[in-house]
Structures are given as C-alpha cells and as structure tokens.
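What follows is a short report on a single structure.
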Amino acid sequence: MGVIHASAIVRNPAEPDKAWEGKFLVDTGAIDSLVPRPHLEAIGLQPRGQRLYELADGSEVSFDVTTAEVEVMGQIAGATILFGEDDTEPLLGVTALESACIAIDPHSQSLFKRGSSRL
C-alpha cells in the first residue's frame with residue numbers, strides 16, 4: 001500500500017475551542033496517533049502519563065501520552081495522542097480512524113466513511 005495523508009483536527013476536550021489542524025501520515029501499523037509536542041502544548045494539552053511503544057525496527061521508545069478529540073472527515077473520536085519530537089511528522093493511528101468510523105481503501109489509497117459503526 002502506498003502513502004496516505006489526511007487532514008485532521010486535534011482538540012483539547014476540556015477547551016474545545018483550542019484546536020490544531022494538520023496533515024497526518026495515516027499509519028496502519030500504529031495503534032495510537034502522534035503530534036509534535038509544541039502543537040499539543042499550544043492547545044493546552046499536557047502529558048497524562050507515559051507508555052512504552054515498539055517501533056517498526058523492533059526498538060522500544062517511551063512517549064508522553066494524553067487524550068484528545070480527533071476529527072477526520074467530519075467524524076469525531078476520542079484518541080490517545082503521543083507527544084512527538086518538534087520535527088516529527090504527525091501520525092494518524094488506526095484506533096482514531098476506527099473510532100471515527102473511517103476506513104482505508106488500499107486500492108484507491110484513500111480514506112472513506114464507513115456506513116455504520118461496529119460494536
């Protein structure tokens with residue numbers, strides 16, 4: 001599958017008027033999403049803990065994490081967001097996509113809204 005990018009908005013759930021919109025790499029290998037730290041701090045989000053993640057090369061890295069609202073294609077979902085380095089490309093993980101009822105079409109290399117949610 002090729003590279004898919006999507007616009008998404010990350011909102012502070014405690015202050016929904018504080019948001020950051022950016023272009024995200026859709027990463028089907030990532031569970032959670034990642035945003036550069038300065039963007040999260042600018043909308044008032046602070047770390048709520050740390051988690052250990054295994055990277056594609058097998059190495060393990062600890063990230064600060066928080067929760068936020070993520071909006072993709074007009075669909076809103078709660079998501080775990082990792083605090084990335086300042087120059088890191090934002091990543092949109094599968095949990096946010098699935099929670100927002102967004103699916104990936106590998107043939108057209110695009111995202112689409114699913115007709116209904118699965119429980």
Side-chain angles (χ1 to χ4, degrees):
M1 185 162 77
V3 176
I4 300 173
H5 285 91
S7 291
I9 301 169
V10 177
R11 281 192 189 85
N12 182 333
E15 300 180 71
D17 58 317
K18 291 187 174 183
W20 176 76
E21 183 171 5
K23 184 176 180 182
F24 288 70
L25 173 64
V26 176
D27 187 346
T28 59
I31 302 291
D32 296 322
S33 299
L34 180 144
V35 174
R37 180 178 296 275
H39 300 307
L40 296 174
E41 290 175 346
I43 62 172
L45 291 173
Q46 298 298 318
R48 297 180 54 105
Q50 285 194 335
R51 288 194 188 159
L52 191 61
Y53 288 86
E54 184 178 341
L55 302 181
D57 67 3
S59 63
E60 292 184 337
V61 176
S62 181
F63 285 94
D64 288 337
V65 297
T66 194
T67 55
E69 289 182 352
V70 176
E71 181 177 341
V72 182
M73 299 175 64
Q75 304 289 94
I76 299 172
T80 299
I81 308 291
L82 285 62
F83 284 74
E85 298 294 325
D86 294 4
D87 60 348
T88 305
E89 179 175 23
L91 300 176
L92 192 57
V94 294
T95 303
L97 291 171
E98 286 289 322
S99 296
C101 296
I102 303 293
I104 299 166
D105 180 348
H107 298 293
S108 66
Q109 297 184 12
S110 63
L111 302 178
F112 66 93
K113 294 179 190 177
R114 288 199 318 254
S116 61
S117 300
R118 290 185 242 176
L119 295 177

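Computed from a predicted structure; not experimentally measured.
Using a 30° and 60° split on the angle between ring planes, H39 and W20 fall in the parallel class, below 30°.
Of the inter-residue distances, the one linking L25 atom CG with T88 atom OG1 reads 12.0 Å to the nearest 0.5 angstrom. Distance check: I102 CD1 to K113 NZ gives 6.5 Å after rounding to the nearest 0.5 Å.
Across all their heavy atoms, C101 and Q75 have their closest contact at CB-NE2, 4.3 Å. The two residues S7 and E21 make their nearest non-hydrogen contact at CB-OE2, 4.3 Å. Nearest heavy-atom pair across A68 and P13 is CA-CD, 3.9 Å. Scanning all heavy atoms of the two residues, the minimum distance from F83 to Q46 falls at CZ-C, 3.6 Å. Taking all atoms of both residues into account, the shortest heavy-atom contact from V70 to V10 is CG2-CG2, 4.5 Å. Contact detail for A77 and A100: the closest heavy-atom pair is CB-N, 3.7 Å.
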For this session: In sequence, state the C-alpha distance, the side-chain angles, and the governing distance for T28 and I104, and then conclude on side-chain contact (heavy atoms from CB on, under 4.5 Å).
Result: CA-CA 9 Å; T28 59; I104 299 166; 3.1 Å; yes
For this session: Assess whether side-chain contact (heavy atoms from CB on, under 4.5 Å) is satisfied between L92 and L97, documenting all intermediate values.
Result: CA-CA 7 Å; L92 192 57; L97 291 171; 3.6 Å; yes
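The side-chain heavy atoms of E98 and R114, taken from C-beta on, include a pair separated by under 4.5 Å. For the pair D86 and P38, the minimum side-chain heavy-atom distance is below 4.5 Å. The shortest side-chain heavy-atom distance between D105 and L111 does not fall under the 4.5 Å cut-off. Side chains of P90 and S33 form no contact here, defined as non-hydrogen atoms less than 4.5 Å apart.
If you check the side chains of H5 and Q109, you find no donor sitting under 3.5 Å from an acceptor.
In the hydrophobic clustering of this structure, M73 does not group with I9; members are Ile, Leu, Val, Met, Phe, Trp, Tyr whose side-chain heavy atoms approach within less than 4.5 Å, directly or through other members. When hydrophobic clusters are built by joining Ile, Leu, Val, Met, Phe, Trp and Tyr residues whose side-chain heavy atoms come closer than 4.5 Å, directly or via intermediates, L55 is not grouped with I31.
The one candidate from V72, I4, V35, L34 that meets the side chain to side chain contact (heavy atoms under 4.5 Å, CB included) condition with F24 is V35.
Formation of a donor-acceptor pair under 3.5 Å by the T80 side chain with backbone atoms of T67 is not found in this model. The backbone N or O of G93 sits nowhere less than 3.5 Å from a side-chain atom of D27 that would complete a donor-acceptor pair.
Qualifying salt bridge (Lys or Arg N to Asp or Glu O under 4.0 Å) partners for E15, counting only residues two or more places apart in sequence or in other chains: K18.
Residue pairs meeting the salt bridge (charged side-chain N to carboxylate O under 4.0 Å, His left out) criterion with at least one partner in residues 47-69, sequence neighbours excluded, are D32-R51, R37-D64.
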